[in-house]
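Okay, so here's the structure we're looking at.
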Amino acid sequence: MNAEPSPQHAARALLAFWRAAGVDMDGAEAVFTGAPAATAPVRARAPEPAPITTPRPKKTVSAPVDNARTLAVAANSVAELRAAVAAFDGCALKATARNTVFSDGIDDAPVLIIGEAPGKDEDEQGKPFVGRSGQLMDKMLSHIGLNRQSNMMISNTIFWRPPGNRDPTQGEIVACLPFVERLIALKQPKLLILMGKNAGNTVLRREEAVSRLRGRRLLYTRDGLDTPVNAMVMLHPAYLLRQPQQKRQAWADLLLAESWLEELGVARHP
């Protein structure tokens, strides 16, 4: 009795039959033997083009500064500049402050005093230098014939109180600076007095200790000014309240201001 052929033998016989009949059996034989069948190369699919999207414009720090500059340049008087500052929304401090603190004193005064930022009392009253440091400043300046009622105007480099009386940020400073510079350009004061290191460095665009700024006759210059503005830096009255032993230096600064005002022919009132 003959044994039945094995499945492998039968498969080989079938492959041979179909090959003899003219059928291409390379693929089938490759599967049978375990060899990789020859296949046509697969073309890589081209990546689909990314959808075209319009990027959103990014908000930059320059936007509020440009707006401030536009508003400031459009102001042709101190009154118009005051209104422009009140309408300006590019400084975040305005949202937390009670009042805009722009100025006090006489708009056309020959002496312009600029401090740093309003404190609690200033925020409540809407006027600069009305707290303890302001009262000390008024007393000091009265000794050389300056007062708010007749010959000086007072403003700040920042027009809204920083929360908790913290230092203003660089962004807050540069947002307000176009208004400060426009104020000086509109007034062209006989003498510009900057109270403290921060006001001195901000307005004069310097980075120096107050000890290197005070006691000197300086000049404020900017494009568009017909002539440089006489400027000096004094110790801030708030610093003198904390360091009363420094009042001697403050008195020397007052004497410098007095002699300079005398030379400039600025009328003073005892």
Side-chain angles (χ1 to χ4, degrees), residues 78 101-159 161 165 167-168 180 183-184 187 189-204 206 208-220 229-270:
V78 174
V101 183
F102 179 71
S103 70
D104 193 21
I106 308 300
D107 282 2
D108 60 352
V111 177
L112 174 61
I113 297 172
I114 295 180
E116 183 183 5
K120 180 177 180 294
D121 294 318
E122 289 76 16
D123 184 41
E124 290 177 351
Q125 298 186 39
K127 295 181 179 181
F129 283 99
V130 293
R132 289 183 62 218
S133 64
Q135 294 167 16
L136 175 58
M137 185 189 73
D138 286 346
K139 184 176 181 180
M140 292 167 56
L141 294 175
S142 68
H143 288 293
I144 60 171
L146 296 179
N147 60 71
R148 303 175 192 235
Q149 292 74 37
S150 60
N151 56 8
M152 72 180 190
M153 178 183 180
I154 309 170
S155 189
N156 278 318
T157 59
I158 299 289
F159 307 112
R161 180 196 180 196
N165 290 347
D167 291 338
V180 179
L183 176 63
I184 298 172
K187 285 188 58 58
K190 295 280 189 180
L191 181 60
L192 172 64
I193 299 178
L194 305 169
M195 288 292 180
K197 171 188 172 183
N198 292 334
N201 282 325
T202 296
V203 175
L204 298 175
R206 299 193 182 197
E208 296 185 47
V210 70
S211 59
R212 294 180 58 84
L213 292 171
R214 57 159 298 275
R216 300 167 56 190
R217 295 191 179 198
L218 305 170
L219 290 176
Y220 170 90
V229 173
N230 299 315
M232 62 177 292
V233 177
M234 294 181 60
L235 296 176
H236 198 287
Y239 172 75
L240 296 175
L241 289 173
R242 299 191 303 269
Q243 302 286 338
Q245 67 272 20
Q246 301 298 329
K247 288 183 180 181
R248 186 172 183 177
Q249 289 186 334
W251 180 247
D253 291 340
L254 284 173
L255 294 179
L256 172 62
E258 183 179 38
S259 63
W260 206 353
L261 292 169
E262 187 72 27
E263 295 172 19
L264 294 171
V266 174
R268 292 173 293 120
H269 305 274

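For the single chain, residues carry numbers from 1 onward in sequence order.
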- Message: Ignoring hydrogens, what is the shortest heavy-atom contact between R148 and V130? Give both atom names and the distance.
- Response: NH1-CG1, 4.3 Å
- Task: With rounding to the nearest 0.5 Å, note down the distance linking CD in E258 to CD1 in I144.
- Result: 6.5 Å
- Query: So which pairs with a foot in residues 104-139 pass ring pair (Phe, Tyr, Trp, His ring centres under 6.0 Å), sequence neighbours left out?
  - Reply: F129-H236
- Note on the structure: Closest non-hydrogen atoms of E116 and D167, given as atom of the first, atom of the second and distance, are OE2-OD1, 4.4 Å
- Message: Counting only heavy atoms not in K187 (residues, nucleotides, ligands), do more than 12 fall under 6.0 Å from its NZ?
- Response: yes
- Item | Side-chain heavy atoms of W251 within contact of R248, under 4.5 Å | no
- Below 4.5 Å, heavy atoms only, C-beta onward: do T202 and I114 meet side chain to side chain? no
- Check whether any side-chain heavy atom of V203 sits under 4.5 Å from a side-chain heavy atom of L192, and report yes or no. yes
- Message: Just so I know, are the side chains of N230 and L264 near enough to count as touching, which here means a heavy-atom distance under 4.5 Å?
- Response: yes
- Would you give the length of the straight line joining atom CE of M195 to atom CG of L235, rounded to the nearest 0.5 angstrom? 9.5 Å
- Taking the side chain as every heavy atom from C-beta outward, state whether I113 and M137 have any pair of such atoms under 4.5 Å apart. yes
- Message: Testing the basics here: between P128 and I154, what is the closest heavy-atom pair and its distance to 0.1 Å?
- Response: CG-O, 3.5 Å
- Message: Using a 6.0 Å cut-off, check whether atom CZ of R206 has over 12 heavy atoms from anything other than its own residue.
- Response: yes
- Item | N/O donor-acceptor pair under 3.5 Å between N151 side chain and A267 backbone | yes
- Go through the steps to decide whether I184 and V229 satisfy the test side chain to side chain contact (heavy atoms under 4.5 Å, CB included), and finish with yes or no. CA-CA 8 Å; I184 298 172; V229 173; 4.3 Å; yes
- Any donor and acceptor pair, going by atom type alone, linking the side chain of K190 with main-chain N or O of L261 inside 3.5 Å? no
- Between F159 and F102, what is the ring plane arrangement, given parallel below 30°, perpendicular above 60°, and tilted in between? tilted
- Note on the structure: Heavy atoms of Q149 and I106 approach each other most closely as O-CD1, 3.4 Å
- Task: For the pair N201 (side chain) and E208 (backbone), establish whether a donor and an acceptor sit closer than 3.5 Å, ignoring hydrogens and angles.
- Result: yes
- Query: Distance from L218 atom CG to L213 atom CG, nearest 0.5 Å?
  - Reply: 7.0 Å
- Query: So, for L141 and M152, which heavy atoms are closest and what is the spacing to 0.1 Å?
  - Reply: CD1-SD, 3.7 Å
- Task: Kindly indicate whether the side chain of S155, heavy atoms from C-beta on, has any atom under 4.5 Å from the side chain of V180.
- Result: no
- Do L240 and M140 come close enough that some side-chain heavy atom pair is under 4.5 Å? yes
- Heavy atoms of other groups near R216 CZ, more than 12 under 6.0 Å: yes
- Message: With side chain to side chain donor-acceptor pair (under 3.5 Å) as the rule and sequence neighbours excluded, what pairs involving residues 259-270 come up?
- Response: R217-E263, E262-R268
- Distance from L183 atom CG to T157 atom OG1, nearest 0.5 Å? 12.0 Å
- Query: Would you say S142's side chain and K139's backbone share a donor-acceptor pair under 3.5 angstrom?
  - Reply: yes
- Item | Closest non-hydrogen atom pair between A199 and G115, with its separation | CB-O, 3.6 Å
- Message: I'd like to know if the side chain of E122 and the backbone of G119 have a donor-acceptor N/O pair within less than 3.5 Å.
- Response: yes
